[in-house]
Amino acid sequence: MIIWIASYPKSGNTWVRFFLNSLLFSKGSTVNINDIKIKLFPIRKDFENLTENVDNLEEFVKNCLFAQERINLENKIKIFKTHNAYWHSKNFSFTNEKNTLATIYIVRDPRNVITSIKNHYIIENYEKSLEFMTNEQKIIGIKKNPNLEIDLPTVISSWKNHYNSWKKLNAKYLLIKYENLINEPLKEFTKIVKFLEQISNFKFKLKDVIESIDNCDFVNMKNQENNHGFVEAPTNNLGEPIKFFNLGPNNNWEKMLNPKIVKNLENEFGSEMKEIGYL
């Protein structure tokens, strides 16, 4: 069965993924950002012999559940990071209760998400970034390059739909706020640990939790990217890498956004922001 680390892009699920990778697979050493056992979904390998053209959105949609069913034939708990919304298309869906044990959903204040989105996707201004975040048909990752294991179709929809969609899956669900991870890392990562212990046979020691938090410190990850690159970093039109670990905890919308953009974001996502506690 699959445990999803799910989020809208640039919301912190890479951080949670690295933490769990340290806790489960690399105790006692700093996480190597280019050697992570907790994989992304989708990747090309998961669709081998299911379709000859997984870059085609229709083929991807038709085969998502088949790919997960094949993964679950091992009858083991698997943890995957995904940016997909919990979408439905005709008789198909991103996942279902049969394949999912639980979801850890990471949410981030959309007023900070927009600044990261602008940098990550090389968007010319905040107005265009707002269009990105409010587009209910938004799909990322289609580069049609068979040599790339990642960058397959990823249906993210809007920030609002993404957040609301994962609450509808009938599976165990834990909501984690990115801001709380920054302000109270031990408390919040312990929530994740306790959640995993409740739904599985995992057992963790406090010292390992503390060590894993230190192992995936933002500065460590940023330094690794500066020195060795990051295979999952985006690239610009010239194929040059864009920094994945950019501002992190120093991203402050109050210093970066003009009042008009702030008002538009709060108007678009006000109901969800109040529910989560951002307003």
Checklist entry - Y278 ring centre to K177 NZ or CZ under 6.0 Å, with the angle to the axis within 45°? => result yes
State, yes or no, whether a side-chain contact exists between [X] and [Y] at a heavy-atom distance under 4.5 Å.
| X | Y | value |
| --- | --- | --- |
| S158 | E268 | no |
| N215 | L23 | no |
| N125 | K128 | yes |
| I156 | I139 | no |
| K90 | V61 | no |
| I79 | I104 | no |
| Y126 | M256 | yes |
| P42 | V54 | no |

[atom1]/[X] to [atom2]/[Y] distance, rounded to the nearest 0.5 angstrom?
| X | Y | atom1 | atom2 | answer |
| --- | --- | --- | --- | --- |
| I261 | R111 | CD1 | CZ | 13.5 Å |
| L130 | I123 | CG | CD1 | 10.0 Å |
| L101 | I2 | CG | CD1 | 10.0 Å |
| I192 | I176 | CD1 | CD1 | 4.5 Å |
| N53 | E58 | CG | CD | 10.5 Å |
| I199 | I3 | CD1 | CD1 | 4.0 Å |

Next on the checklist: Please evaluate residues L265 and W253 with respect to the criterion side-chain contact (heavy atoms from CB on, under 4.5 Å), reporting the C-alpha separation (whole Å), side-chain torsions for both, the decisive distance (0.1 Å), and the verdict.
Outcome noted: CA-CA 11 Å; L265 283 165; W253 64 267; over 6 Å; no
Tell me whether [Y] is reachable from [X] by hopping between hydrophobic residues (I, L, V, M, F, W, Y) whose side-chain heavy atoms are closer than 4.5 Å.
| X | Y | answer |
| --- | --- | --- |
| L65 | L57 | no |
| I71 | L73 | no |
| F202 | I38 | yes |

Could you check whether the rings of [X] and [Y] sit parallel, tilted or perpendicular, using 30° and 60° as the cut-offs?
| X | Y | answer |
| --- | --- | --- |
| F60 | W87 | tilted |
| W159 | F269 | tilted |
| F19 | F189 | tilted |
| Y178 | W15 | perpendicular |
| F94 | W4 | tilted |

Determine whether more than 12 heavy atoms belonging to other residues, nucleotides or ligands lie under 6.0 Å from atom [atom1] of [X].
| X | atom1 | result |
| --- | --- | --- |
| N170 | CG | no |
| N267 | CG | yes |
| K160 | NZ | no |
| E275 | CD | yes |

Any sub-3.5 Å donor-acceptor pair from [X]'s side-chain atoms to [Y]'s backbone N or O?
| X | Y | result |
| --- | --- | --- |
| S93 | N91 | no |
| N13 | T82 | yes |
| K39 | I36 | yes |

Closest approach of [X] to [Y] (non-hydrogen atoms, all atoms of both residues):
| X | Y | answer |
| --- | --- | --- |
| F41 | F47 | CZ-CZ, 4.0 Å |
| S7 | I106 | CB-O, 3.1 Å |
| S212 | S22 | OG-OG, 3.1 Å |
| F18 | C216 | CB-CB, 3.9 Å |
| E97 | M1 | O-CE, 3.7 Å |
| M273 | P110 | SD-CG, 3.7 Å |

Item to check | Ionic contact status for E266 with K263, cut-off 4.0 Å | outcome: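 Between E266 and K263 there is no salt bridge, as every charged N stays at least 4.0 Å from the carboxylate O atoms.
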Item to check | Residues K167, E272: salt bridge by 4.0 Å N-O rule | outcome: no
Next on the checklist: If you apply the rule side-chain contact (heavy atoms from CB on, under 4.5 Å), what do you find for F25 with D35, and how did you get there?
Outcome noted: CA-CA 11 Å; F25 302 111; D35 184 23; over 6 Å; no
Checklist entry - For residues N161 and N164, is any side-chain donor paired with an opposing acceptor at under 3.5 Å? => result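 Checked: N161/N164 side chains show no N/O donor-acceptor pair below 3.5 Å.
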Checklist entry - Among all residues two or more places apart in sequence or in another chain, which pass the salt bridge (charged side-chain N to carboxylate O under 4.0 Å, His left out) test with K191? => result E188
Next on the checklist: Under the criterion side-chain contact (heavy atoms from CB on, under 4.5 Å), I'd like the reasoning laid out for S157 against H162: C-alpha separation, chi angles, the key distance, then a yes or no.
Outcome noted: CA-CA 6 Å; S157 189; H162 198 290; 5.5 Å; no
Next on the checklist: Assess the residue pair L40 and R17 against the criterion (side-chain contact (heavy atoms from CB on, under 4.5 Å)); give the C-alpha distance rounded to whole Å, side-chain angles, the decisive distance to 0.1 Å, and a yes or no.
Outcome noted: CA-CA 10 Å; L40 306 172; R17 174 191 177 203; 3.6 Å; yes
Item to check | Residue from N63, T95, T100, N96 passing side-chain hydrogen bond (donor to acceptor under 3.5 Å, both in side chains) with Q68 | outcome: T95
